[in-house]
Protein chains: 2
Amino acid sequence: MKAATPVVSIDIVLLTILDGVLHVGLTKREREPFAGQLALPGGRFDIEKDSDEYDAAVRILREKTGVTSPYLEQLQTFAGANRDPRGWTVSIAHFAIVHAKVADTADARFTWRPVESVRTLPFDHARILQAAVTRVRTKSLYSSLPVHLMPEMFTLGQLQAAYEVLVGSPLDKRSFRRRMDELELLVEVPGAVTTGSGHRPAQQYRVKDGALGHLAVSDSNLGRKAA
Amino acid sequence: MKAATPVVSIDIVLLTILDGVLHVGLTKREREPFAGQLALPGGRFDIEKDSDEYDAAVRILREKTGVTSPYLEQLQTFAGANRDPRGWTVSIAHFAIVHAKVADTADARFTWRPVESVRTLPFDHARILQAAVTRVRTKSLYSSLPVHLMPEMFTLGQLQAAYEVLVGSPLDKRSFRRRMDELELLVEVPGAVTTGSGHRPAQQYRVKDGALGHLAVSDSNLGRKAA
DNA sequence: CTAATAGTGTCTCTTAGACACTATAAA
DNA sequence: TTTATAGTGTCTAAGAGACACTATTAG
């Protein structure tokens with residue numbers, strides 16, 4: 001343990017919504033410490049392959065989970081002597097968001113767990129998860145981040161449901177639609193309408209070309225109902 | 001160059017306001033590469049002394065600059081193959097804010113430069129500086145971050161001037177004062193009044209006990225005048 | 001008296017939140 | 001006909017921005 005420089009790794013908090021509940025993707029650890037336990041997917045830099053930390057995060061996410069996320073962002077770096085029993089370590093934490101369809105394609109090694117049901121995790125992964133969830137909830141209040149939870153086509157009702165899961169409270173339907181309209185982020189898919197649902201069909205939307213990648217931001221409170 | 005794990009360091013963007021202009025603190029590099037050039041102060045972890053990355057940043061800031069900042073925050077981690085000619089490196093960037101009086105106490109090795117006049121810096125330090133300035137400006141719009149640029153006692157006029165430097169545009173005096181009032185962050189210092197200034201004296205204020213350390217946040221736009 | 005900053009209220013406009021009914025399809 | 005969701009307009013209240021004058025001190 002006399003390495004002059006600590007070991008650096010990347011850990012990824014992968015989030016999605018399944019059955020209306022926020023889930024986090026976990027992998028079973030193959031090695032000690034904590035072998036066999038569920039933990040955040042992570043890995044080391046490959047200084048041959050990775051040109052920067054974003055590259056590395058994309059590669060690690062793909063290799064460990066089979067998922068390619070359209071939304072991947074650096075969260076925060078956690079470093080210290082007490083987070084890993086092997087000694088001083090550094091973790092550059094990221095978070096990623098995928099929609100349920102992509103979530104289904106994840107590896108078998110991979111498990112989705114409702115965020116609320118995850119009590120303990122190895123290392124300081126519970127703290128990292130906590131930080132990621134807080135960040136996602138906060139960003140959902142003032143940005144279009146939740147559209148990344150949507151498949152290519154979706155209805156406004158589905159999108160509102162995603163916002164509600166992330167924000168954690170019900171939103172006013174008309175205020176929500178007004179806001180989405182003002183963001184000018186979505187376009188109707190002509191003729192595409194949900195069907196076979198036993199009620200009035202809904203117009204489907206997709207994200208405007210080029211509008212994804214940078215988040216649309218607004219000052220609004222999304223028509224969140226008061227407590 | 002075959003280290004399996006990259007070298008990790010901490011770099012710090014230290015900011016203050018001197019003569020009404022935002023300045024960054026730079027140190028002359030003693031070693032290659034870029035020996036003799038001005039760069040952001042930085043250093044390596046000391047896994048004996050530092051218990052986490054915040055600890056390390058505090059220590060490095062103190063050792064390299066002689067400054068102890070009441071405000072120090074992790075900014076972002078920059079990693080990659082092309083940021084340092086020696087190979088793959090990782091820098092956990094932080095930013096710190098001090099008021100002008102503290103700035104004066106900095107080491108002789110240490111130089112303050114107007115942010116706008118800094119064109120090039122070694123490594124990717126120009127990019128790190130850019131990111132820090134952007135973060136500080138953004139946070140100034142909706143939080144009380146600029147009070148950390150103030151000495152213990154200060155007038156509302158001085159505080160407004162600091163906000164204006166960070167935000168980059170003039171603020172409406174009455175809207176600004178109303179906002180400060182609503183934040184309930186400041187208290188008058190009884191009897192303390194500026195004097196000898198050739199004009200009406202001003203009430204001095206200090207930050208309320210315990211109110212520092214977490215930023216007061218508001219949704220307002222600070223009475224910023226429209227462009 | 002002049003110069004320079006401190007300090008103080010009100011109006012208006014924008015924006016967010018609250019609210020209820022009709023429309024449409026499947027069973 | 002029932003059930004379930006889609007879709008649509010307006011009012012109101014709160015908050016932010018804009019605005020002009022008096023007060024006080026040093027020189």
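Each chain gets a letter, A, B and so on, in the order its sequence line appears, and its residues count up from 1.
A salt bridge between B:E73 and B:R135 is present, with a side-chain N of the basic residue lying under 4.0 Å from a carboxylate O of the acidic one.
Using cut-offs of 30° and 60° for the angle between ring planes, the B:W112 and B:F110 rings count as perpendicular.
Within 6.0 Å of the CZ atom in A:R113, the count of heavy atoms belonging to other residues, nucleotides or ligands does not exceed 12. By the neighbour-count criterion of 12 heavy atoms within 6.0 Å, atom CD of A:E63 is densely surrounded, having more than that number from other residues, nucleotides or ligands.
Side-chain atoms of A:T77 and B:T77 form a donor-acceptor pair, as typed in the model, at a separation below 3.5 Å.
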Audit row: B:L38, B:T27, side chain to side chain contact (heavy atoms under 4.5 Å, CB included) steps and yes/no: CA-CA 5 Å; B:L38 288 174; B:T27 44; 5.8 Å; no
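What separates CZ of A:F176 from C1' of D:dG9 is a distance of 19 Å, to the nearest Å. One atom, OH of A:Y205, and another, P of D:dA6, lie 11 Å apart when rounded to the nearest Å. The distance between atom CZ of A:F154 and atom C1' of D:dA6, rounded to the nearest whole Å, is 16 Å. Atom CD in A:Q204 sits roughly 15 Å away from atom C1' in D:dG7 (whole-Å rounding). Nucleotide D:dC19 holds its C1' atom 16 Å from the CG atom of B:L171, rounded to whole Å. To the nearest angstrom, P of C:dT5 lies 17 Å from CG of B:L159. Atom-to-atom, CD of B:E164 to P of C:dT5 comes out at 13 Å; the value is rounded to the nearest Å. Rounded to whole Å, atom P of D:dT8 lies 8 Å from atom CD of A:E188.
With a 3.5 Å limit on both pairing distances and Watson-Crick or G-U wobble geometry required, the stems of 3 or more pairs in DNA chain C span C:1-27 with D:1-27.
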Distance-only donor-acceptor pairs under 3.5 Å for side chains of residues 192-202 of chain A, two or more places apart:
{"from": "A:T194", "atom 1": "OG1", "to": "A:A202", "atom 2": "N", "distance (Å)": "2.8"}
{"from": "A:S197", "atom 1": "OG", "to": "A:H199", "atom 2": "NE2", "distance (Å)": "3.4"}

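In this structure, the nucleotide among C:dA18, C:dT8, D:dA18 sitting nearest to the side chain of B:R178 is D:dA18.
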Per-nucleotide protein contact string for nucleotides 21-27 of chain C (B base, S sugar-phosphate only, - none; heavy atom under 4.0 Å): --BBBS-
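Residue B:R174 places no side-chain N or O under 4.0 Å from the OP1 or OP2 atom of D:dA18.
A distance-only check finds no donor-acceptor pair linking the side chain of B:S144 to the backbone of B:V147 [under 3.5 Å].
Ring to ring, B:Y163 and B:F176 are close: their centroids are under 6.0 angstrom apart.
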